[in-house]
Amino acid sequence: MRLGLCCLFVEENISFRTTTAKALLNLTVKPRLEKISGICLHNSKSLLESVKTVHRLGIGAFRISSQFFPRMTHPVTGYRLEDLPDCEQINDLLASTKNFSKNNGIRLSFHPDQFILLSSPRAEVTENSIRELSCQADWAEAVGADLINIHAGGVYGDKAQALERLSGAFKDLPEKVSTRLTLENDDVSYTVRDLLPVCHALSIPLVYDVHHHRCNPDGLTELEATDLAAGTWATVKREQYCHVSSPKNGWGQGNPKPHADFLDPKDFPVCWLGREMTVDVEAKAKELAVARLMAELGQQGVR
DNA sequence: GCATGTCAAGTTGTG
DNA sequence: CACAACTTGACATGC
């Protein structure tokens, strides 16, 4: 069992910078690339610090922000790493991150944001998504990340048709993307039961988010969902990946979807204990929440 | 300095 | 129909 941290730290002095297209568009090309280069260099240093820090904290996985190299695929402000003045140093830092993670067993993942969809009926949405996925696959290759995790997206009135479009788009993905792509059950539309057929048909591992499952049930128990999802990882001989979180406002009162600062240990599935798997802890208190959960699970006798 | 509005992009459900 | 929610607030602007 390895626990993972998502994107950020609250107490450790590690930050990631970003920028907006609007700000970049106010600049001419050279100062724009200089600004971007400064941000990418900062984020590359922060990523190396991140993997060293999670290792020191006993955390076994780190999710890298989807804004790691911001606005890289924007139609106007888009750029290549080779265009940046700090390119050489950035590449060195990415290689160091890859080495450190490999040598210390830190698992790295990406989770592109909600605009990245392979199921949309709009060709433009799919094309933009594939560009972004290709870009994140390059980052993943550079730092040794084995996962690019997305949701199945919208239903558009017909789930089966939407999944058909997703399957079609998947088959055309560059290999650097398709070998890393995973599908996660979400809290409004696609359940584990919905995703299993397409995951099996295309050998796509299924990231099981137990909080989403609780928000959007499908008749499967947590044990059944865990085992069925495990099958999709066994097919490709990779370690299973799951997500867990607690509702900010508790269960039974108000919207359960927003995430709490810490995980309530009662929300951690008992059937996960002792399994070989990676579990991202989605909690606002970040590394503090992962550390607290580790201590609490340890006291319950995790082996 | 500090408060506040803004930021590329999609889709769904709620009030 | 506006807004929140989603993996995550940081940045730009104006006082």
Side-chain angles (χ1 to χ4, degrees), chain A residues 4-10 14-27 35-36 38-39 42-43 46-47 50 61-79 108-133 135-136 145 147-159 162 165-166 169 182-191 207 209 211-212 215-216 241-245 247-249 254-261 263 278-287 289-290:
Chain A
L5 171 68
C6 301
C7 306
L8 301 171
F9 296 82
V10 291
I14 297 174
S15 68
F16 290 91
R17 293 180 57 201
T18 185
T19 186
T20 60
K22 188 173 181 179
L24 294 175
L25 289 170
N26 285 331
L27 303 172
K35 179 187 172 82
I36 292 168
I39 292 172
H42 173 92
N43 289 354
S46 291
L47 181 60
S50 296
F62 185 68
R63 182 187 301 176
I64 302 168
S65 165
S66 52
Q67 310 281 336
F68 184 53
F69 291 150
R71 299 303 172 269
M72 198 173 212
T73 60
H74 185 278
V76 180
T77 71
Y79 55 94
L108 298 176
S109 68
F110 286 92
H111 197 344
D113 45 20
Q114 59 268 36
F115 315 107
I116 307 309
L117 299 166
L118 296 179
S119 59
S120 175
R122 295 170 50 198
E124 185 192 335
V125 171
T126 308
E127 285 161 20
N128 291 341
S129 296
I130 292 171
R131 280 176 51 229
E132 182 69 26
L133 287 170
C135 187
Q136 297 209 14
L147 246 84
I148 301 176
N149 179 45
I150 63 170
H151 293 288
V155 174
Y156 315 94
D158 188 329
K159 217 176 251 191
R165 285 192 298 269
L166 185 153
T182 61
L183 287 175
E184 178 187 346
N185 62 301
D186 65 74
D187 52 7
V188 286
S189 304
Y190 291 92
T191 63
V207 172
D209 186 316
H211 183 67
H212 290 163
C215 294
N216 185 21
Y241 214 113
C242 292
H243 294 172
V244 70
S245 49
K248 183 185 176 75
N249 306 307
N255 184 358
K257 289 169 187 169
H259 294 161
D261 290 346
L263 199 84
T278 304
V279 180
D280 274 354
V281 179
E282 299 178 336
K284 302 279 187 191
K286 297 298 166 189
E287 82 274 19
V290 184

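Nothing here was measured: the structure is a model prediction, and the numbers come from that model. Labels below follow one simple rule: chain letters A, B, ... track the order of the sequence lines, proteins then strands, and each chain is numbered from 1.
Between the CD atom of A/Gln136 and the C1' atom of C/dT7 there is a distance of 11 Å, given to the nearest Å. As a whole-Å value, the separation of A/Asn216 CG from B/dT12 P is 13 Å. Rounded to a whole Å, the CG atom of A/Asp187 is 13 Å from the P atom of B/dT12. In this structure, the CD atom of A/Glu287 is 20 Å from the P atom of C/dT7, given to the nearest Å. Atom C1' of nucleotide B/dT11 and atom CG of A/Asp158 are separated by 16 Å, given to the nearest angstrom. Atom CD1 of A/Ile148 is separated from atom P of C/dT7 by 17 Å (rounded to the nearest Å). The interatomic distance linking A/Lys22 (NZ) with B/dG5 (P) rounds to 14 Å, in whole Å. Atom CZ in A/Phe110 sits about 13 Å away from atom C1' in C/dT7, given to the nearest Å.
Listed nucleotides: B/dT12, B/dA8, C/dT8. Nearest to the side chain of A/Lys284: C/dT8.
Residue contacts for A/Val76: at a heavy-atom cut-off of 4.0 Å it reaches no nucleic acid atom on any strand shown. A/His211 comes within 4.0 angstrom of no nucleic acid atom, judged by non-hydrogen atoms across all strands. Using a 4.0 Å heavy-atom criterion, one finds that A/Tyr156 contacts the sugar-phosphate atoms exclusively.
Ring geometry for A/Phe62 against A/Phe9 counts as parallel: the plane angle stays under 30°, on a 0 to 90° scale with 60° as the upper cut.
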Watson-Crick or G-U pairs under 3.5 Å in DNA chain C, rendered as dot-bracket with [ ] for crossing pairs and | for another strand: ||||||..|||||||

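Taking the side chain to side chain donor-acceptor pair (under 3.5 Å) definition, one finds that A/Ser245 meets it with A/His259, sequence neighbours left out. Under the rule for a salt bridge (charged side-chain N to carboxylate O under 4.0 Å, His left out), A/Asp209 has no partner lying at least two apart in sequence or in another chain.
Residue pairs meeting the side-chain hydrogen bond (donor to acceptor under 3.5 Å, both in side chains) criterion with at least one member in residues 123-133 of chain A, sequence neighbours excluded, are A/Thr73-A/Glu132, A/Asn128-A/Arg131, A/Glu132-A/Gln136.
A gap of 11 Å separates the P atoms of C/dA12 and B/dA8, to the nearest Å. Atom name P, nucleotides B/dT6 and C/dC3: the rounded distance is 11 Å, in whole Å. Rounded to the nearest Å, the gap between the P atom of C/dG9 and that of B/dG10 is 22 Å. Nucleotides C/dA4 and B/dC7 are separated by 15 Å at their P atoms, to the nearest Å.
A side chain to side chain contact (heavy atoms under 4.5 Å, CB included) with A/Cys6 is found for exactly one of A/His111, A/Glu287, A/Glu282, namely A/Glu282.
A/Thr18 contributes no side-chain N or O that, together with a main-chain N or O of A/Pro70, makes up a donor-acceptor pair within less than 3.5 Å. Without hydrogens or angle criteria, A/Asn43 side chain to A/Arg17 main chain gives a donor-acceptor distance under 3.5 Å.
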Between the protein and nucleotides 10-13 of chain C, list every N/O to N/O distance that falls short of 3.5 Å.
unit_1 : atom_1 : unit_2  : atom_2 : d
C/dA12 : OP1    : A/Lys35 : NZ     : 2.8

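The residues A/Asp261 and A/Lys284 are annotated as not salt-bridged, no charged nitrogen and carboxylate oxygen being separated by less than 4.0 angstrom.
For the 3.5 Å distance criterion, the side chains of A/Tyr241 and A/Asp280 qualify, holding a donor opposite an acceptor. Side-chain contact of A/Asn216 with A/Thr191: a donor-acceptor pair under 3.5 Å is absent, judged by distance alone.
Under the 6.0 Å distance and 45° angle rule, A/Arg122 does not count as a cation-pi partner of A/Tyr156.
The phosphate of C/dT7 has OP1 or OP2 within less than 4.0 Å of a side-chain N or O from A/His151.
Looking at residues 111-123 of chain A, you'll see A/Gln114, A/Phe115, A/Leu117, A/Ser120, A/Arg122 sit with a heavy atom under 4.0 Å from some atom of DNA chain B.
At a threshold of 4.5 Å between non-hydrogen side-chain atoms, the residues A/Cys7 and A/Phe16 do not count as touching.
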